[in-house]
Amino acid sequence: MPEEEILRQRLDKLGRLREEEGYDPYVHETWDVKHTLNQIRAEHDDIEVDQNRKDVELSVAGRLMTVRKQGKASFANVQDETGNMQLYFQLDAMGEEGYRFFKKWIDAGDIVGIEGHPFRTKRGELTIAVTRCVLLCKAIRPLPEKWHGLTDMEIRYRKRYLDLMSNPEVRDVFRQRAKIVASVRKTLEDHGTLEVDTPILSYLAGGANARPFVTHHNALDLDMYLRIATELHLKRLVVGMMGRVYEMGKNFRNEGMDAMHNPEFTAMEVYWPYCDYNDMMDLTEEIIRKAAMDANGTTTVTWQGTELDLSRPFRRVTMVDLVKEHCGVDFDAIETDAQARSIAEGEGLAVEGNESKFKVLLMMIEEFVEKKLVQPTFVMGHPTEISPLSKRDPEKPDYTHRFELFVCGSEVANGFSELNDPIDQRARFEDQARLKAEGDDESHPFDEDFINAIEQGLPPTGGLGIGIDRLIMFLTDSRSIRDVILFPTMKPKA
RNA sequence: GGACCGUUAGCUCAAUAGGCAGAGCACCUGACUCUUAAUCAGGGGGUUACAGGUUCGAUUCCUGUACGGUCCA
């Protein structure tokens, strides 16, 4: 049946309901919901077969998902946000008029208010024996198939409301998401960290190496950017003596989409003055462990068949040591860039042009190591060249006190001791500007006011960013980032 | 960006060595006072994603496009 035909039929029925009964299903504003369905299931589990507790008055509301109409007695299943329950409609209990109205006008997909008593059928199912059924809202589009649910991934993402109503387990993922987010906030706040809001719309998109989305402010006649990170604003707050601060919110990066990337995603960034990257690694572990406990009640996680043990300390190992371990190459012994390039080529890596040895080190990590980091692993010691905001390792100034956390081959967190030497910071930005001039559109922009801020004096500070969507993916065993974002970015269909 | 796969009724899926496009759910009519994927009887519902090509004939074969999925970069 064409969709318009279904709509036409339902609109026709709606018209007849208004005409013949003088009943408008869209005028209702409230229903006194006294019980949720799960609550009833828990409280009246002791009712025996064939027993009807007429002394108990129930009042619930929800969407009818299946309807089994018979002559003078019918059944249906109603769903609310906690679960679903069978309803028993019986002429004798509802009265002639109430039963007739139900049978003639109420259909699967409609929203109803129900009053009745708990009882258990001969087949043993806890059921509400309906005394009153009020049509609170009429649906004029059909439900997805009741047995298989909605399986078409495209429709599930584009019309999430259909996915949520017909696949209850999807709602559980987003409940877990809320628990994880709350848990992260609680952990941070337990450590005296203040939640703040910094601009999403900004005239400079810094704090990470990524291409921003560009928009335009008409009144100012100014191109503006959606933020790619919160870092530079949060560190200004530390300069301003706000102490420990964090922000959890959306970042936007103008890049490809796949199972791990959505153009808009949720990140949490936190900055603690007088702490370093080791403290941030400790904090990362604490946040993740507590989130797992709060969401799942355990620190053992299975993601797509791989068991992850979050209870043990996460391994901490430098990039140089990882390349030594996985490729047998000692970068500390490499003198020149050319030497590094030829070694990488010997390992089968296509190195083009004049990559520095530090860029080659990064490429080797990405190519040969990252995928193998299944259990949570802090990769440390990133080259200064690729870390324009990180403090140098005083022992090895070409490297920084930085880490990234990898889980199942994916980056979940990134943190470092913050660079607070304003002279060095200016030089790093100048390097980035040079890269930009050479055509690198992911180079970090030069932010003069940020330099001014740290010229005022940024205390020694540890900073950390966590990819919240990815963390949620691992804790909810979700294959794609789209499964943990309610309305993922989709290309328009037509 | 590349490779592969998918797109048939609102939903879940069939079908043809190239020959009238089918089922279940949902929808409409009727029967039924313990059903639960209710059942029974009847009915309506299709530009087979879109655009071309080959052919007497294309949903099926070919080319392209769109959207989606999986893997790779």
Side-chain angles (χ1 to χ4, degrees), chain A residues 1-17 47-52 63-79 84-96 98-100 102-110 116 119-130 138-159 161-163 165-167 255-262 304 348-352 363 366-368 370-371 409 478-483 488-494:
Chain A
M1 184 180 290
E3 201 163 7
E4 316 85 69
E5 177 63 13
I6 294 179
L7 269 173
R8 196 197 56 72
Q9 261 181 17
R10 295 229 165 178
L11 284 169
D12 182 61
K13 184 163 187 175
L14 175 64
R16 283 185 287 121
L17 171 62
I47 292 181
E48 288 163 19
V49 168
D50 233 1
Q51 184 188 3
N52 186 345
R63 187 186 300 278
L64 292 182
M65 299 305 288
T66 59
V67 179
R68 299 176 287 285
K69 289 182 184 173
Q70 303 172 49
K72 297 190 173 72
S74 301
F75 291 87
N77 276 77
V78 67
Q79 167 184 277
N84 78 90
M85 183 161 290
Q86 179 166 264
L87 304 175
Y88 181 40
F89 300 87
Q90 195 188 25
L91 186 140
D92 300 342
M94 297 175 73
E96 192 108 13
Y99 188 78
R100 182 197 65 83
F102 159 75
K103 209 178 156 188
K104 181 156 185 186
W105 299 111
I106 296 180
D107 301 293
D110 291 348
F119 99 112
R120 195 177 292 281
T121 63
K122 288 189 170 67
R123 297 284 190 86
E125 178 156 351
L126 188 63
T127 298
I128 298 174
V130 177
K138 191 126 191 73
I140 58 174
R141 285 183 189 272
L143 289 170
E145 215 264 355
K146 65 183 173 189
W147 185 242
H148 301 91
L150 186 67
T151 62
D152 184 301
M153 294 309 285
E154 192 171 346
I155 303 178
R156 289 184 52 206
Y157 294 144
R158 285 185 195 278
K159 302 195 171 207
Y161 47 93
L162 291 179
D163 186 28
M165 79 170 71
S166 89
N167 301 320
E255 52 197 27
M257 293 152 62
D258 61 31
M260 284 289 167
H261 299 84
N262 196 63
Q304 305 296 296
L349 202 59
V351 186
E352 50 177 288
M363 289 166 74
E366 286 174 345
E367 181 67 23
F368 304 118
E370 283 182 5
K371 275 189 285 287
S478 296
R479 160 195 284 275
S480 167
I481 196 166
R482 291 184 158 188
D483 295 323
T489 305
M490 300 288 282
K491 223 167 155 173
K493 188 113 200 210

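Reminder, nothing fancy here: chain letters follow the sequence lines and each chain counts from 1.
Atom pair A/L143:CG and B/A9:P shows a separation of 18 Å (rounding to whole Å applied). For the pair A/I6 CD1 and B/C28 C1', the computed distance is 11 Å after rounding to whole Å. Separating the CD atom of A/E367 from the C1' atom of B/C72 is a distance of 11 Å, rounded to the nearest angstrom. The nearest whole Å value for the distance from the CZ atom in A/R123 to the C1' atom in B/C34 is 8 Å.
Looking at heavy atoms from C-beta onward, A/K159 lies out of side-chain contact with A/L150 at the 4.5 angstrom threshold. Between A/R141 and A/R10 the shortest side-chain heavy-atom distance does not fall below 4.5 Å.
The base of B/C11 does not come close enough to the side chain of A/D152 for any donor and acceptor atom to sit less than 3.5 Å apart. For B/U7, its base never sits under 3.5 Å from the side chain of A/E154 at any donor and acceptor pair. Below the 3.5 angstrom threshold, one finds a donor paired with an acceptor across the side chain of A/E125 and the base of B/U36. For B/U35, its base sits under 3.5 Å from the side chain of A/T121 at one donor and acceptor pair at least.
Across all strands shown, A/L7 has no heavy atoms under 4.0 Å from either base or sugar-phosphate atoms. Among the heavy atoms of the strands lying under 4.0 Å from A/R479 are primed sugar atoms or P, OP1, OP2 only; no base atom is included. Within 4.0 Å (heavy atoms only), A/G256 reaches no atom of the nucleic acid at all. Among the heavy atoms of the strands lying under 4.0 Å from A/R10 are primed sugar atoms or P, OP1, OP2 only; no base atom is included. The residue A/E3 sits close only to the backbone: its heavy atoms come under 4.0 Å of sugar-phosphate atoms, none of a base. Within 4.0 Å (heavy atoms only), A/F89 reaches no atom of the nucleic acid at all. Nucleic acid contact for A/Y88: base, since at least one base atom lies under 4.0 Å from a heavy atom of the residue. Within 4.0 Å of A/K69, counting heavy atoms only, lies at least one base atom of the nucleic acid. Backbone-only engagement by A/K491 is indicated by non-hydrogen atom pairs under 4.0 Å involving sugar-phosphate atoms exclusively. A/R156 comes within 4.0 angstrom of no nucleic acid atom, judged by non-hydrogen atoms across all strands. Residue A/R158 is in sugar-phosphate contact alone, with no base atom involved, counting any heavy-atom pair closer than 4.0 Å across all strands shown. Across all strands, A/D92 comes closer than 4.0 Å to base atoms (heavy-atom distances).
Looking at A/D92 and A/K72, no side-chain N of the basic residue comes within less than 4.0 Å of a carboxylate O on the acidic one, giving no salt bridge.
With pairs defined as Watson-Crick or G-U wobble and both atom distances under 3.5 Å, the stems of at least three pairs that touch RNA chain B come out as B:1-7 with B:66-72, B:10-13 with B:22-25, B:27-31 with B:39-43, B:49-53 with B:61-65.
Cation-pi check for A/K69 over A/F102 is met; the charged atom lies under 6.0 angstrom from the ring centroid and within 45 degrees of its normal.
In terms of modelled atom types and a separation under 3.5 Å, the side chain of A/Y157 and the main chain of A/T489 share no donor-acceptor contact.
For CD of A/E96, the number of neighbouring non-hydrogen atoms (other residues, nucleotides, ligands) closer than 6.0 Å is 12 at most.
Comparing A/T151 and A/A73, the nucleotide of RNA chain B nearest to each residue sits closer to the 5' end for A/T151. Residue order along RNA chain B, read from the 5' end via each residue's closest nucleotide, puts A/D107 first among A/Q90 and A/D107.
For A/M260, the side-chain contact (heavy atoms from CB on, under 4.5 Å) partners two or more places apart in sequence, or in a different chain, are A/D258, A/W303, A/S410, A/R470, A/M473, A/F474. Contacts of A/F368 classified as ring-ring contact (aromatic ring centres under 6.0 Å, His included), with partners at least two apart in sequence or in another chain: none.
On the P atoms, B/U60 is 10 Å away from B/G18, given to the nearest whole Å.
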